[in-house]
Structure formats: C-alpha cells, structure tokens
Trainee: 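Sharing a structure, written as structure tokens. Questions coming.
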Amino acid sequence: MAPTHLPKKIAVGLGITVVAFIVVLAIIPLAFGSRIAEALKTQINKSTDARVAWRDVGLSLLRGFPHATLTVTDLAVSGVRTFEHDTLFATRQLRFVLDVRSVIGYLRSGQPMVIRELSFDQPVVKLRRLADGTSNWNITKPAPPSSSASQRAMSVTLRQFRIAHGVVTLDDRQSNLAIAVKGLDESLSGDFAKQTLVVSTRTHADSVSATFAGIPYLKNVSLDLTANVNADLRTHRFAFANDTLRLNRLHLDLGGTVTAGDSLLGLDVAFAAPNTQFASILSLVPAIYAHDFDKLRTSGTIAVSGQVRGTYGPKHFPALAVRARVENGAFKYPDLPLGVTDVGLELALDNPGGDADNTVVDLKRFHATLGKWPIDASLLVRSPVS
C-alpha cells in the first residue's frame, strides 16, 4: 500500500513547499519595506531642493516575481522659496520594478538597487519658468565630489518606462511659450545599461495645445508619435529618422538629432507631410474638426515642411523655418447649403535664431470663396514677444 500513497505524499509535500514559499515572499516585504522607504526619503533629501511627500510605500515580491515591485502612492513634489506654493509633480502611483538580487545586495551591504521598470499612473507635471529665467524644475542639489563608492551607487538599469493618463503643462514666460498636454500615454523601452542603444517610444495624447508669442499654433489636437531613436548616453545625443508624428489627421515624417546639455537643448530636426490631401491640414482647425469631420467633403492639396536648427535654453532660441501651402482647397458639410471653395494659402514662419522675438509670421496669401463671396487676407507679424 505504501507505494500507492507515495505520489499523494509527494503532491502534499510540494503543495506545502509552494505555500510556504509564497508566505515567505509575502512576509519579507513587510520586514524590509520600511527600510527601503527610509532609504528613499534619505536619498531624496540629499539630492533635491524641494518638498517631497507620499501617502504610502509598499514592497511586493509576488506582483512582479522574480523581481521586486516597489510602489509609492500619492507622491507629490512641491517647490520652495519662489515656488513655495507650486506643485511641480504629483502622481497617483509610482511603481518601480527592482531586480531582486540588487534588493538583496542593498539590504546586505548597501549596494545600488537596479530599476528594470518605472511607471507613473495619472501623473501631473506643471513646469514654470519666470521672465527672469528662474524655473521651478531646477530642484537638483549640486552633486558631492565623486568617489568610487558613489559612482557604483549611481548604477541603474532601466528597461521600461511608462506613463498612463498623464497631464503636462509648460508656462515659459521667458520664451513666451505655453504648452498643455492631456491624456498622455507613453511607452518607452530600451536597455539603458548600455551607453549606446535604440530607444523605442510610443506616445499618445488626447489633447495638445501650444501657444508661442501669443499666437495659438495647436489647440486641443490629438497626437501620436512612433519613433525608434538611436541614443548615445555618453554624449546625450539622440538621432531619429523616418519616424512618424500624427496631429489629428495630419501626418508628419520626422528626422534629425537632439542633444541634451545641462541647461541647453541642441536641435537639428526636419519634418514634412507625406500626405498631400487638404483634409489633413484642415483637421487642425478646431471648429471644423470638432463638428462631424468624418462627414466633411474635401478636395485640394497641401504641402507642409519645416526645420528647427540651433540651441534652445534660457537665453538661447533656435533658428526655424516652417512652410505651409494650400492649393485648390474646398470643403462642404452635406447638411449645409453653402461650401467653401478656391481655398489657397501660403504661410511662412521664420526665425534666424538667438531670440524668440526675432520670429516673423508671414501669411502671404489667403483666399477662399464662401458660396459666391470671396474672402482675401494677408498678415505680417514681427517681434511678437515685445
């Protein structure tokens, strides 16, 4: 009889082992979660000049097994001094997926913890720069003199970065630039342990608005960006080619490089619209796009291209040249008696670089016929900031 009961005993033994293993995985975070939370608070106080608070910090070995998952709930970062009452950043939940071996190494001897995934749920970012150049995001304390130990502590491997349902606003009074992004979803992946890598990014935003020098260029436009970026982390240079940006129905092909410095951004970016249908640029007009755009009958062609080259920073502005042309455009709603025909447009946006106030907006030609009534206009704007 003993041999017949042997499989059952083995199964029971395995079951007890599995349950015990799960219990251990559940208990370990309870024992060490407070130590990790205290380490986070100490590191934040050392490296940032801001008020940082959260409601709860939790560690789990079950959620992302075999890795550890560290969750920070209701995290908020607020400014000090000039930005005393400003919230720079807040998120419902910040989640780190940590290499479990690095967690054990930290608990044993203070070795650095390796982050394999970083995700934000419903983050809100409010960026402000005053006219004198003071910015609320400049919260990093000067780094202490480096040592071999501190260099090891800076070692981080990040494989995935995610944002879900984010909101980002920028109010740059120095450059007279305002941007608002709502419904932001971001998925970014790459092996950041390497100095050179390919970063794959998929970005979506429900609504993007942008105003520069008092002129609204985008208003409540949906956005999608698909890009595979060649990144050199040693030089902070990011190159991309044949990537795609969608603004409502307007698709743009992108190419160029972006180089990040301490406070400056080097730009050499060009774009053009491969789709020549008039409807694609018409979708950027909020009043038209919001009203039964799928039923709109359109015809005509467009050409859109642009280039941004130079340095962007507190006292720097890149050179830019944007061109848009519409020929023989027409559109009509089926349920309305009148349509718009003979739409023609020629728009040039230029800045030689150096200062945002050097921007020139030149609407050289605009013509349209509403029913039987022609409409003609032109506009020239110089020194829009001053």
Trainee: Does atom CG of D376 have more than 12 heavy-atom neighbours, drawn from other residues, nucleotides or ligands, at distances under 6.0 Å?
Mentor: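 Yes - once you tally the heavy atoms of other residues, nucleotides and ligands closer than 6.0 Å, there are more than 12.
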
Trainee: Parallel, tilted or perpendicular: which fits the ring planes of F89 and F120, with parallel below 30° and perpendicular above 60°?
Mentor: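 Taking F120 first and then F89, their aromatic rings stand perpendicular (interplane angle over 60°).
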
Trainee: Heavy atoms, side chains only, cut-off 4.5 Å: are P334 and R297 in contact?
Mentor: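 Contact flag for P334/R297 side chains = yes.
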
Trainee: Donor-acceptor pair, D268 side chain versus T257 backbone, under 3.5 Å?
Mentor: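 Such a contact is absent between D268 side chain and T257 backbone.
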
Trainee: Is the closest side-chain heavy-atom distance between D56 and D74 below 4.5 Å?
Mentor: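 They are not in side-chain contact.
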
Trainee: Quick check for you: to the nearest 0.5 Å, what is the distance between D224 atom CG and T244 atom OG1?
Mentor: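 Rounded to the nearest 0.5 Å, the CG-OG1 separation comes to 10.5 Å.
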
Trainee: With a cut-off of 6.0 Å (strictly less than), are more than 12 heavy atoms of other residues, nucleotides or ligands near CZ of R309?
Mentor: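 Atom CZ in R309 is not crowded, with 12 or fewer foreign heavy atoms closer than 6.0 Å.
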
Trainee: Distance-only, no hydrogens or angles: does the S209 side chain make a donor-acceptor pair with backbone N or O of N220 under 3.5 Å?
Mentor: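 Side chain of S209 to backbone of N220: a pair is present.
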
Trainee: Which heavy atom of S175 sits nearest a heavy atom of A356, and at what distance?
Mentor: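 The pair with the smallest heavy-atom distance is O-CB, 4.0 Å.
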
Trainee: NZ of K182: more than 12 outside heavy atoms within 6.0 angstrom?
Mentor: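 At most 12 heavy atoms, drawn from other residues, nucleotides or ligands, come within 6.0 Å of this atom.
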
Trainee: Can you tell me if N248 and S222 form a side-chain donor-acceptor pair at under 3.5 Å?
Mentor: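 The answer is yes; a qualifying pair exists.
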
Trainee: State yes or no: do L184 and L223 share one hydrophobic cluster built from I, L, V, M, F, W and Y residues joined by side-chain heavy-atom distances below 4.5 Å, directly or via other members?
Mentor: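 Yes, same cluster.
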
Trainee: Just by distance, with hydrogens left out, do S200 and N228 show a side-chain donor and acceptor under 3.5 Å apart?
Mentor: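 S200 vs N228: donor-acceptor pair found between side chains.
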
Trainee: Pick from I302, T298, L252, V304: which one makes a side-chain contact (heavy atoms from CB on, under 4.5 Å) with S280?
Mentor: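 Among the candidates, only I302 passes.
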
Trainee: When R51 is tested against each of V80, V77, L88 for side-chain contact (heavy atoms from CB on, under 4.5 Å), which residue passes?
Mentor: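 Between R51 and the candidates, side-chain contact (heavy atoms from CB on, under 4.5 Å) is satisfied uniquely by V80.
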
Trainee: Please indicate whether R173 has more than 12 foreign heavy atoms, meaning atoms of other residues, nucleotides or ligands, lying under 6.0 Å from its CZ.
Mentor: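 Atom CZ in R173 is not packed in, count stays at 12 or less.
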
Trainee: Would you indicate whether Q174, at its atom CD, is surrounded by more than 12 heavy atoms from other residues, nucleotides or ligands within a distance under 6.0 Å?
Mentor: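 Yes, because the 6.0 Å sphere around CD of Q174 holds more than 12 heavy atoms from other groups.
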
Trainee: Which distance, rounded to the nearest 0.5 Å, do you find between the CG of L247 and the CD1 of I281?
Mentor: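 One gets 10.5 Å once the value is rounded to the nearest 0.5 Å.
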
Trainee: Check D172 with R129, please: is the shortest side-chain N to carboxylate O separation under 4.0 Å?
Mentor: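 The answer is yes: the pair qualifies as a salt bridge.
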
Trainee: Does any part of the side chain of F278, heavy atoms only, come nearer than 4.5 Å to the side chain of N328, both counted from C-beta?
Mentor: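 No, every pair of side-chain atoms sits at 4.5 Å or beyond.
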
Trainee: S187 side chain to R162 main-chain N or O, any donor-acceptor pair under 3.5 Å?
Mentor: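 No; judged by distance alone, with no hydrogens or angles, the pair does not exist.
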
Trainee: To the nearest 0.5 Å, tell me how far L225 CG sits from R202 CZ.
Mentor: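 The CG atom of L225 sits 8.5 Å away from the CZ atom of R202.
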
Trainee: Passes salt bridge (Lys or Arg N to Asp or Glu O under 4.0 Å), D121 versus R92? Steps please.
Mentor: CA-CA 6 Å; D121 183 24; R92 191 185 72 83; 2.3 Å; yes

Trainee: Quick check: do H165 and D185 have side-chain heavy atoms less than 4.5 Å from each other?
Mentor: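 SC-SC contact between H165 and D185 confirmed.
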
Trainee: If we ignore hydrogens and angles and just use 3.5 Å, is the side chain of N358 paired with the main-chain N or O of P352 as donor and acceptor?
Mentor: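 Checking the backbone N and O of P352 against the side chain of N358, no donor-acceptor pair under 3.5 Å is found.
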
Trainee: In Å and rounded to the nearest 0.5 Å, what is the OG1 to CG distance from T226 to L254?
Mentor: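 One finds 10.5 Å between OG1 of T226 and CG of L254.
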
Trainee: When rounded to the nearest 0.5 angstrom, what distance separates CZ in R246 from NE2 in H204?
Mentor: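 So the gap between those two atoms works out to 7.0 Å.
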
Trainee: Hey, mind stepping through T359 and I215 against side chain to side chain contact (heavy atoms under 4.5 Å, CB included) and telling me if it holds?
Mentor: CA-CA 11 Å; T359 303; I215 300 174; over 6 Å; no

Trainee: Heavy atoms, side chains only, cut-off 4.5 Å: are T301 and E327 in contact?
Mentor: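 Side chain of T301 against side chain of E327, heavy atoms only: contact under 4.5 Å found.
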
Trainee: Checking side chain to side chain contact (heavy atoms under 4.5 Å, CB included) for the pair T91/V125: CA distance, chi angles, key distance, verdict?
Mentor: CA-CA 9 Å; T91 185; V125 182; over 6 Å; no

Trainee: Less than 4.5 Å apart, any side-chain heavy atom of I288 and any of Y333?
Mentor: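 Touching, per the 4.5 Å side-chain cut-off.
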
Trainee: Checking D49 side chain against I139 main chain: does a donor-acceptor pair fall under 3.5 Å?
Mentor: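 No.
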
Trainee: Find the distance between CG (L250) and CG (L245) and round it off to the nearest 0.5 Å.
Mentor: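 Here the interatomic distance stands at 8.0 Å.
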
Trainee: Would you check if S378 and L363 make a side-chain contact, meaning some heavy-atom pair closer than 4.5 Å?
Mentor: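 The answer is no, as the side chains (C-beta and beyond) never meet within the 4.5 Å cut-off.
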
Trainee: For E186 and T201, test the side chains for any donor-to-acceptor distance below 3.5 angstrom and give the result as yes or no.
Mentor: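 Short answer, yes.
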
Trainee: When you compare the side chain of T235 with that of T259, does any pair of heavy atoms fall below 4.5 Å?
Mentor: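 Not in contact.
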
Trainee: Any chance you could lay out the salt bridge (Lys or Arg N to Asp or Glu O under 4.0 Å) test for R323 and D362, step after step, and finish with the verdict?
Mentor: CA-CA 10 Å; R323 299 290 182 270; D362 187 2; over 6 Å; no

Trainee: Is the side chain of N351 donor-acceptor paired with the backbone N or O of D355 at a distance under 3.5 Å, no angle test?
Mentor: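 Yes, N351 side chain to D355 backbone: donor-acceptor pair under 3.5 Å.
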
